[in-house]
Every structure is written in structure tokens, then in C-alpha cells.
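Please read these numbers as outputs of a predicted model, since none were measured by experiment. Counting starts at 1 for both ligands and their atoms, following the listed order.
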Amino acid sequence: MASREEGPVSGSAEGCLFCGIVAGVVPSDVVHTTERTVAFRDLNAQAPTHVLVVPKDHYANAAELAAGDPTASAELVTAAHAVATAEGYDSYRLVLNTGAEAGQTVFHAHLHVLAGRSMAWPPG
Ligand code: 5GP
Ligand code: ZN
């Protein structure tokens with residue numbers, strides 16, 4: 001397996017659901033793309049707008065993405081803002097679940113963009 005220093009693949013890109021979506025092999029509702037990111041609607045939306053922004057390259061989580069490709073990491077946030085703005089929201093929540101206990105179920109870094117309803121705090 002490649003180490004973090006050797007390239008974008010950290011963990012396993014093989015059989016990765018979001019790598020499949022980026023490649024267009026797995027169908028999804030893509031709403032926005034940039035040089036390094038793809039944004040598509042979450043299959044199980046938790047708000048009127050619930051979009052996932054992912055790097056095109058496979059990193060297991062946000063911290064590995066930030067360490068391996070800071071430019072793509074920043075692009076995730078600017079893409080998320082563009083998505084929220086395009087859907088008419090200037091108020092939105094961004095979530096980066098990291099680790100199973102925090103609720104991460106897909107181990108390809110992804111930024112949740114949630115908007116269109118009031119958000120409770122603290123999150124569950
Ligand atoms: P996590 O729980 O890892 O932070 O977020 C994974 C998200 O991916 C969940 O919100 C889940 O609904 C979404 N998801 C899981 N499978 C699919 C899929 O096949 N297509 C899309 N568009 N979203 C998915
Ligand atoms: Zn992947």
C-alpha cells in the first residue's frame with residue numbers, strides 16, 4: 001500500500017464508493033465540480049440541501065487530505081460555499097465526520113453541506 005508521502009491514495013481506493021462516483025461508475029446527482037473536487041447530493045438527505053463535496057483523489061479523511069493536498073482541502077470549502085450560494089443559502093453547516101465513532105461511514109474524505117432548515121447545537 002502506498003504511504004501518505006507517495007501519492008493521493010491513503011487507505012483503499014479500490015472498491016471505494018466515492019471513487020466510483022468521482023469516476024462516474026456509480027450514479028449520483030452531481031451539482032458542482034472544480035479542478036480537484038466533485039459535489040453531489042447525499043442519497044439520504046438530512047436537510048433540504050444536503051450535498052457532499054469530495055476530493056477527486058482518494059484520501060481516507062479530511063486530515064489526510066489536508067496533509068496530502070492542502071489546495072484540494074481548501075477547494076472543498078470554497079466549493080461548499082459555492083454550492084450553498086447556488087442553492088440560495090448564505091447560512092449553512094459544514095460537517096467533516098472523522099472516524100467511525102464520529103459517524104464516518106464512507107472512508108473517502110467528504111464535506112457535508114447542510115442548509116435549508118434551522119440547525120440544533122450541540123449536534124447529536
Ligand atoms: P458519513 O457518515 O461518512 O459522514 O457520510 C456518508 C454519507 O454518504 C451519508 O450521509 C450517506 O447518506 C451518503 N451516502 C452513502 N451511500 C451513498 C451513495 O451511494 N450515494 C450518495 N449520493 N450518497 C451516499
Ligand atoms: Zn475513494
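Atoms of ligand 1 found under 4.0 Å from any heavy atom of Asn44, numbered from 1 in the order shown, are 12 (O). The atoms of ligand 1 that sit less than 4.0 Å from any heavy atom of Phe40 are 22 (N). Those atoms of ligand 1 that come under 4.0 Å of a heavy atom in Phe18, given as number and element, are 8 (O).
Two residues are said to be in side-chain contact when any heavy atoms from C-beta on lie closer than 4.5 Å; Val30 and Val38 meet this criterion. In this structure the side chain of Tyr59 reaches within 4.5 angstrom of the side chain of Asp69, judged on heavy atoms. Residues Leu114 and Gln46 form a side-chain contact, since some pair of their non-hydrogen atoms from C-beta on lies under 4.5 Å apart. Contact check for Arg36 versus Lys56: no side-chain heavy atoms found under the 4.5 Å cut-off.
The residue from Val53, Asp29, Leu52 that alone fulfils the side chain to side chain contact (heavy atoms under 4.5 Å, CB included) condition with Phe40 is Leu52.
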Apply side-chain contact (heavy atoms from CB on, under 4.5 Å) to residues Ser28 and Arg41 and explain how you reach the verdict. CA-CA 7 Å; Ser28 72; Arg41 293 196 192 282; over 6 Å; no
As a quick check of understanding, evaluate side-chain contact (heavy atoms from CB on, under 4.5 Å) for Val54 and Ile21, giving each step before the final call. CA-CA 10 Å; Val54 309; Ile21 286 178; over 6 Å; no
Would Val95 and Leu111 count as a side-chain contact (heavy atoms from CB on, under 4.5 Å) if you check the C-alpha gap in whole Å, the side-chain angles of each, and the deciding distance to 0.1 Å? CA-CA 6 Å; Val95 176; Leu111 179 57; 5.9 Å; no
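A side-chain donor-acceptor contact under 3.5 Å links Gln104 to the backbone of Ala60. No donor-acceptor distance shorter than 3.5 angstrom exists from the side chain of Thr37 to the backbone of Thr33, with no hydrogens or angles considered.
Looking only at heavy atoms of the protein, atom 3 (O) of ligand 1 is closest to Thr105 N, 2.7 Å. Protein heavy atom nearest atom 5 (O) of ligand 1, with residue, atom name and distance: His110 NE2, 2.9 Å. Counting only heavy atoms of the protein, atom 16 (N) of ligand 1 lies nearest to Leu17 CD2, 3.3 Å. In this structure, the protein non-hydrogen atom closest to atom 11 (C) of ligand 1 is Asp42 OD1, 3.4 Å. The single protein non-hydrogen atom nearest to atom 2 (O) of ligand 1 is Gly103 O, 2.7 Å, given as residue, atom name and distance. Counting protein heavy atoms only, atom 18 (C) of ligand 1 is closest to Leu43 CD2, 3.6 Å.
Here Cys19 contributes SG and His108 contributes ND1, and at the Zn ion (ligand 2) these two atoms make an angle of 110°, given to 10°.
Taking only nitrogen or oxygen atoms, main chain and side chain alike, Val106 reaches within less than 3.5 Å of ligand 1. At under 3.5 Å, a nitrogen or oxygen of Arg41, whether backbone or side chain, sits near a nitrogen or oxygen of ligand 1.
By the criterion of a heavy-atom distance under 4.0 Å, the side chain of Leu52, and not its backbone, is placed next to ligand 1. With a 4.0 Å cut-off on non-hydrogen atoms, Phe107 does not touch ligand 1 at all. Under 4.0 Å from ligand 1, not a single heavy atom of Val95 appears. Neither the backbone nor the side chain of Gln46 has a heavy atom within less than 4.0 Å of ligand 1.
Checked against a 6.0 Å centroid threshold, the rings of Phe18 and Phe107 do not count as neighbours. With ring centers used as reference points, His112 lies under 6.0 Å from His110.
Within His58, the N, O or S atom lying nearest to the Zn ion (ligand 2) carries the name ND1.
Proximity of Ser28 to ligand 1 is not established, as no heavy-atom distance is less than 4.0 Å.
Looking at His108, Gln104, His112 and measuring to atom 4 (O) of ligand 1, the nearest heavy atom belongs to His112.
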